[in-house]
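Below is one structure, written out as structure tokens; the observations come after it.
As the structure lists them, so they are numbered: ligands from 1, and atoms in each ligand from 1. Remember, predicted model here, so these are calculated numbers, not experimental data.
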Amino acid sequence: MTADLGGLRTLVRRAPHVLSLWRGSGRVVQSARRTDGTPATDLVLEVLDGLGDWRSVDQVARVLDTPRPAVEVLLTGLLALDLIEISASAPATDDQSRHAPALAVRAGEDAWRVWSPVARLFHLATRDVTFAGAARPGPATADTAAAVTPAPVASAPSPTLPDPGGAEVALPAPVLPGTLREALRLRRTHRQFAPGGVPLQDLATLLGVTFGVQAWARIRDHAPLPLKTSPSGGARHSLEAYVWARQVDDLAPGLYHYRPDRHVLSRLDGRHGPDAVTAWLPSQDGYQNAPVIVAMASVLARVSWRYRSARAYRVILIEAGHLAQTFCLCAAALDLAPFCTAALADSVIEQGLGLDGHAQPVCYVVGAGRPMGGPWRPHADRDAPSVETTLLGEALSRE
Ligand SMILES: Cc1cc2nc3c(=O)[nH]c(=O)nc-3n(C[C@H](O)[C@H](O)[C@H](O)COP(=O)(O)O)c2cc1C
């Protein structure tokens with residue numbers, strides 16, 4: 001798109017989320033919506049400094065003591081790089097402070113405006129990863145996703161964590177009743193739970209089916225790769241499950257780490273869940289009585305060892321979604337009431353679990369309890385919604 005300053009009365013101002021960063025030996029200014037910028041010359045910085053509010057091109061020319069045509073060239077260049085933005089129309093009067101002009105907003109801009117610069121930088125930096133020609137890394141796997149740098153096989157991080165040393169609880173083998181169709185039809189998010197604990201058998205099924213290693217793939221002389229019910233980029237399976245068992249029949253309440261290779265719970269000695277669930281899930285109503293809460297935390301090194309592109313971080317978050325869906329479907333199959341939430345107090349959870357949040361950040365929380373009887377009512381303090389099943393929904397109900 002060719003940048004166009006518009007008419008004589010166009011107003012300009014600095015775009016939000018303009019960054020200054022060092023590239024090589026020089027400093028550049030760059031919009032958070034782009035991957036390119038311009039050298040941060042004194043002139044560019046002076047113009048951007050002075051454009052905190054709407055200004056006419058003539059005002060800019062006066063301040064810079066520079067002929068208007070030259071200023072137009074400069075501003076057109078800054079506009080092309082999204083470093084400034086222009087008003088959609090000129091204000092009715094010259095008094096810009098009282099008549100703020102409408103902004104020419106591009107389609108889809110609103111979301112990025114509120115999420116930027118962080119989300120936009122991450123999104124841009126992880127778009128359009130080049131797959132072709134990426135060197136194969138040490139371990140052989142089934143996919144070629146994301147740019148990679150070879151890494152010595154010997155240094156591959158283990159797919160399992162070291163034993164935390166606490167008492168172990170052997171879990172019964174998973175027993176998953178019902179059909180996929182039924183589970184898909186029944187799955188809903190619940191934020192209230194009937195009194196009573198979750199049977200240990202059900203917890204074992206939830207953990208074993210969702211997080212447990214179903215098989216090991218052995219390829220040539222490489223370290224075995226875990227395979228689970230959910231896919232994982234490069235079979236890295238970086239997400240570990242930490243269980244806050246609050247009310248599980250035949251299981252002492254407390255914090256546990258699920259060992260996906262051996263299907264046991266390791267008690268996290270000396271660590272306790274907080275007094276209230278809201279310490280982990282702030283601003284969330286309804287989970288106070290959740291009998292089971294599971295926090296997923298990614299061992300980043302497992303992924304970064306193989307994938308050197310920042311896109312790999314996207315992959316981890318996507319994988320958390322896969323696992324959460326499997327967890328929720330299993331819970332539905334077990335006639336439990338599942339939930340998933342992104343509204344979590346990351347650092348509080350990491351501290352509580354004794355995790356180094358930089359090496360193993362928490363990214364998602366799921367949980368389950370016993371369902372309340374009656375029609376689905378996602379919020380205890382609100383009326384039950386009227387739910388109208390579509391033709392597609394009815395198809396799932398048919399035998
Ligand atoms: C990534 C993600 C984050 C979510 N975060 C929250 C949350 O913070 N709090 C909450 O009560 N529900 C949360 N939910 C649940 C949604 O609100 C719920 O899925 C939605 O209302 C649709 O209802 P259903 O799951 O019963 O189909 C989240 C769901 C997803 C997929």
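- When each atom of ligand 1 is checked for a heavy atom of A342 under 4.0 Å away, the hits are 3 (C), 4 (C), 5 (N), 6 (C), 8 (O).
- No side-chain heavy atom of V315 sits under 4.5 Å from any side-chain heavy atom of V303.
- Of all protein heavy atoms, the one closest to atom 7 (C) of ligand 1 is T341 OG1, 3.1 Å.
- Side-chain contact check for H379 and Q192: no donor-acceptor pair (N or O, by modelled atom type) lies under 3.5 Å.
- R23 and Q30 share a donor-acceptor pair across their side chains, judged by distance under 3.5 Å alone.
- Ligand 1 has R187 within reach: a non-hydrogen atom of the residue lies less than 4.0 Å from it.
- Closest to atom 23 (O) of ligand 1 among all protein heavy atoms lies T189 OG1, 4.0 Å.
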Check against ring-ring contact (aromatic ring centres under 6.0 Å, His included), W112 and H123:
CA-CA 10 Å; W112 291 118; H123 182 68; 4.9 Å; yes
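- Only the side chain of Y364 comes within contact range of ligand 1, with a heavy atom under 4.0 Å; no backbone atom does.
- Looking only at distances, a side-chain donor or acceptor of R271 sits under 3.5 Å from a matching main-chain atom of L353.
- Classified by interplanar angle (parallel below 30°, tilted 30° to 60°, perpendicular above 60°), the ring pair W376/H190 is perpendicular.
- Nearest-residue assignment for atom 14 (N) of ligand 1 (options G286, C328, C340; heavy-atom criterion): C340.
- Of the options Q284, H379, R188, R191, the smallest heavy-atom separation from atom 21 (O) of ligand 1 is shown by R191.
- Listed by number with element, the atoms of ligand 1 under 4.0 angstrom from any heavy atom of W376 are 26 (O).
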